[in-house]
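Letters go in sequence order (proteins before strands), and every chain restarts at 1. Keep in mind that what you see is a predicted model, and the values were worked out from it rather than measured.
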Protein chains: 2
Amino acid sequence: MGSAPGSGYADQVVRPSPAEDRELHGQVALLLSTRDQRYTAQRRQIVRALAKLGRPATIGELVEAANGVPLSTAYRNLSILGEANVVRRVGGADGFTRFELAEQLSGQHHHHHVVCESCGLVIDAAASPALEAALAETARAIAKANGFDVTEHRLELVGRCTSCRDAAAS
Amino acid sequence: MGSAPGSGYADQVVRPSPAEDRELHGQVALLLSTRDQRYTAQRRQIVRALAKLGRPATIGELVEAANGVPLSTAYRNLSILGEANVVRRVGGADGFTRFELAEQLSGQHHHHHVVCESCGLVIDAAASPALEAALAETARAIAKANGFDVTEHRLELVGRCTSCRDAAAS
DNA sequence: TTCATTTTGAGAATGAATATCACTATAGGA
DNA sequence: TCCTATAGTGATATTCATTCTCAAAATGAA
Ligand SMILES: [Zn+2]
Ligand SMILES: [Zn+2]
Ligand SMILES: [Zn+2]
Ligand SMILES: [Zn+2]
């Protein structure tokens, strides 16, 4: 499930195996076909880049990892892949939109994000059952108090990544 | 403390009393003066607008509530007020940055946000002790697993506000 | 009143994201 | 295989929230 022993509730980046990779592209092709969209070479490049990076990535990181797919093509396809529930937008800490594979495609299920306030790095972190229970309870309280119908949540844990901490200790 | 009886952990908008209002402006003036900044009429208008709205507000809402302070002035002063820890930026659900008074100035302390995915409305919600405890535990686990030094968190509960739900039931 | 410093605000510039559109690639039928 | 309708591409133009510029106005100290 992408969790190394003793790693608690925070995941490291885990590369998909070749078999998982085939499975991924099969699922993407299916999701696209139900919306009469083709799984083109450029889209495959983008999906491959997202899987390879294993964390929410900026457009710049993506076009570089996706072998120089043009910006306009990358943006357009990320939008289409988003509508097909292949890609999810992640609001960054800096002003940059980031993109990641949808939870059911990335191997890990529901998760949250850890953000470095210094360099903007974003990594995934699985949520603990206790945290999810507390969130569900909060959602209930809000529905009661404000009539707001809470259907999901976004959690970002903000701090300093290892390399930024090392760099600060100069 | 801004919490009506029986409202659980989700706050409604609460107007500051005249006394609280004087206290607010005094604190703002102090925070600005320590950074050699003046508490000008325009800055006072903006702070008054933020207090009056009582929820994270967009630039458009602010310039309207602040009696037509020019856009460039509003942006510049929100930036200065941010550096002075008077104002906090809230990343919106839509693409719009929102601004709110710093927690210690708005009467309520640490809180989270409830976002309507339909109209973009953002309101405040106090956090329960159980939720905060679970968040602290998660932060500890992440520090252990990734070396990430988590110092704060941002939580958005996403759903549908009452008026958008009513509008959908047409 | 000077005069140095800060602040203002209209307009210009920036830049991430989106829209355009002529061209290319592809699927499917003839 | 050849056609053709449709979908996709990518260089370029456009949008628009946000930031920058800078001459004029306000402020405070002397
Ligand atoms: Zn970092
Ligand atoms: Zn993620
Ligand atoms: Zn709404
Ligand atoms: Zn708030």
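Taking both residues in full, the closest heavy atoms of B:Ala127 and B:Glu132 are given as CB-OE2, 3.0 Å, listed atom of the first, atom of the second, then distance.
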For nucleotides 19-30 of chain D, read 5' to 3', which letter fits each nucleotide if B means a protein heavy atom sits under 4.0 Å from the base, S means only the sugar-phosphate is that close, and - means neither?
BB------B---

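Checked by atom type and distance alone, the side chain of A:Thr73 never pairs as donor or acceptor with a backbone atom of A:Val69 at under 3.5 Å. Formation of a donor-acceptor pair under 3.5 Å by the A:Arg43 side chain with backbone atoms of A:Arg38 is found in this model. Judged by distance alone, with hydrogens and angles left aside, the side-chain atoms of B:Ser33 form no donor-acceptor pair with the main-chain N or O of B:Asp36 at under 3.5 Å.
The CG atom of B:Leu78 sits 15 Å away from the P atom of C:dT7 (whole-angstrom rounding). Atoms CZ (A:Arg44) and C1' (D:dG8) sit 15 Å apart, rounded to a whole Å. One can place OH of A:Tyr39 at 19 Å from C1' of C:dA27, the figure rounded to the nearest angstrom. Across the protein-nucleic acid pair, B:Asn77 atom CG and D:dT18 atom P stand 16 Å apart, rounded to whole Å. Rounded to an integer number of Å, the gap from CD1 of A:Ile46 to P of D:dG8 is 13 Å. Rounded to a whole Å, the CZ atom of A:Arg98 is 13 Å from the P atom of C:dA16. Between the CD atom of B:Glu61 and the P atom of D:dA17 there is a distance of 13 Å, given to the nearest Å. With rounding to whole Å, A:Phe96 atom CZ is found 18 Å from D:dA17 atom P.
Looking at heavy-atom distances under 4.0 Å, A:Thr40 makes contact with sugar-phosphate atoms alone, never a base.
Within 6.0 Å of the CD atom in B:Glu64, the count of heavy atoms belonging to other residues, nucleotides or ligands does not exceed 12. Counting non-hydrogen atoms of neighbouring residues, nucleotides and ligands closer than 6.0 angstrom, the CD atom of B:Glu152 exceeds 12 such neighbours.
Place B:Gly95 and A:Asp36 on DNA chain D by their nearest nucleotides, and A:Asp36 ends up nearer the 5' end.
Between its two ends, the helix from C:dT1-D:dA30 to C:dA30-D:dT1 turns its axis by 20°, counting five pairs per end and rounding to 10 degrees.
Nearest to the side chain of A:Thr73, among C:dA17, D:dG10, C:dT8, sits D:dG10. Of the candidate nucleotides C:dT7, D:dG8, C:dG9, D:dG8 has the atom nearest to the side chain of A:Gln37.
Of the candidates B:Val87, B:Leu53, B:Leu105, B:Asp124, B:Glu100 forms a side chain to side chain contact (heavy atoms under 4.5 Å, CB included) with just one, namely B:Asp124.
Placement of B:Val158 and B:Val90 in two distinct hydrophobic clusters is found when ILVMFWY residues are connected by side-chain heavy-atom separations under 4.5 Å, directly or transitively.
With hydrogens and angles left out, the side-chain atoms of A:His153 and B:His112 include no donor and acceptor closer than 3.5 Å.
For C:dG9, the OP1/OP2 oxygens have a side-chain nitrogen or oxygen of B:Gln42 closer than 4.0 Å.
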